[in-house]
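Quick notes on the structure that follows.
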Amino acid sequence: MQLSIIILNYNVRYFLELCVLSVQSAIQNLDAEIIVIDNNSKDDSCAMMKQRFPDVKLIENKENTGFPKGNNIGVSQAKGEYICILNPDTVVAEDTFEKILN
């Protein structure tokens, strides 16, 4: 696997959905994975992820572990040679990761 994209979420369901949609478009031609770590959100973020994005790896923390630990949980599960940590309010262009990897 070439690239792992780690997204840490906490109660930003709407932004997370837009972020994952943009990342999916940007990795269509790459050997990449998306890992979403949820820090015990109360806004149905996990239910949305399971329904809309069943192929995305979802890690559901039972408590809010904070930003560094939450990201480290995702990194520990990543299989990519390269790792990109994205905030859930990020929307990437379709060629973002191809350009970065080149």
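Hydrogens, waters and symmetry mates play no part in the numbers below; they use all other heavy atoms, side chains included. Here the structure is a predicted model, which means the values were calculated and not measured.
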Locate the shortest heavy-atom distance separating [X] from [Y]; write the atom from each residue and the value.
X     : Y     : value
Val12 : Pro88 : CG2-CG, 3.6 Å
Leu58 : Cys46 : CD2-O, 3.9 Å
Cys19 : Ile7  : SG-CD1, 3.7 Å
Val92 : Leu86 : CG1-CD1, 4.2 Å
Asn61 : Thr65 : ND2-OG1, 3.4 Å
Ser22 : Thr90 : OG-O, 4.1 Å

State the [atom1]-[atom2] distance between [X] and [Y], to the nearest 0.5 angstrom.
X     : Y     : atom1 : atom2 : value
Asn11 : Ser41 : CG    : OG    : 4.0 Å
Asn9  : Asn40 : CG    : CG    : 11.0 Å
Ile27 : Ile5  : CD1   : CD1   : 4.5 Å

*Hydrophobic cluster mates of Met1, side-chain heavy atoms under 4.5 angstrom, ILVMFWY only, any path?*
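Via sub-4.5 Å side-chain contacts, Met1 links to none.
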Is it possible for you to say whether [X] and [Y] belong to one hydrophobic cluster, with membership spreading through side-chain heavy-atom contacts below 4.5 Å?
X     : Y     : result
Val23 : Tyr10 : no
Leu18 : Phe53 : no
Ile35 : Val20 : no
Met48 : Val56 : yes

_Test side chain to side chain donor-acceptor pair (under 3.5 Å) applied to Asn72 - qualifying residues, sequence neighbours left out_ =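 Not a single residue meets the side chain to side chain donor-acceptor pair (under 3.5 Å) criterion with Asn72.
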Among residues two or more places apart or on two chains, list those pairs meeting salt bridge (charged side-chain N to carboxylate O under 4.0 Å, His left out) that have a residue in [range].
range          : value
residues 68-93 : none
residues 24-47 : none
residues 55-67 : Lys50-Glu60

Non-hydrogen side-chain atoms of [X] and [Y] separated by less than 4.5 Å:
X     : Y     : answer
Ile85 : Val75 : yes
Gln77 : Ile37 : no
Asn39 : Phe67 : no

Using a 3.5 Å cut-off and no angle test, enumerate the donor-acceptor pairs between side-chain atoms of residues 95-102 and protein atoms at least two apart in sequence or in another chain.
{"from": "Asp95", "atom 1": "OD2", "to": "Lys99", "atom 2": "NZ", "distance (Å)": "3.1"}
{"from": "Thr96", "atom 1": "OG1", "to": "Ala93", "atom 2": "N", "distance (Å)": "3.0"}
{"from": "Thr96", "atom 1": "OG1", "to": "Ala93", "atom 2": "O", "distance (Å)": "3.0"}
{"from": "Asn102", "atom 1": "ND2", "to": "Glu98", "atom 2": "O", "distance (Å)": "3.1"}

*Might you confirm whether atom CZ of Phe15 has over 12 heavy atoms from other residues, nucleotides or ligands at distances under 6.0 Å?*
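It does not: Phe15 CZ has 12 such atoms or fewer within range.
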*Ile6 and side-chain contact (heavy atoms from CB on, under 4.5 Å): which partner among Ile34, Ile73, Val36, Ile83?*
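When side-chain contact (heavy atoms from CB on, under 4.5 Å) is applied between Ile6 and each of Ile34, Ile73, Val36, Ile83, only Ile83 qualifies.
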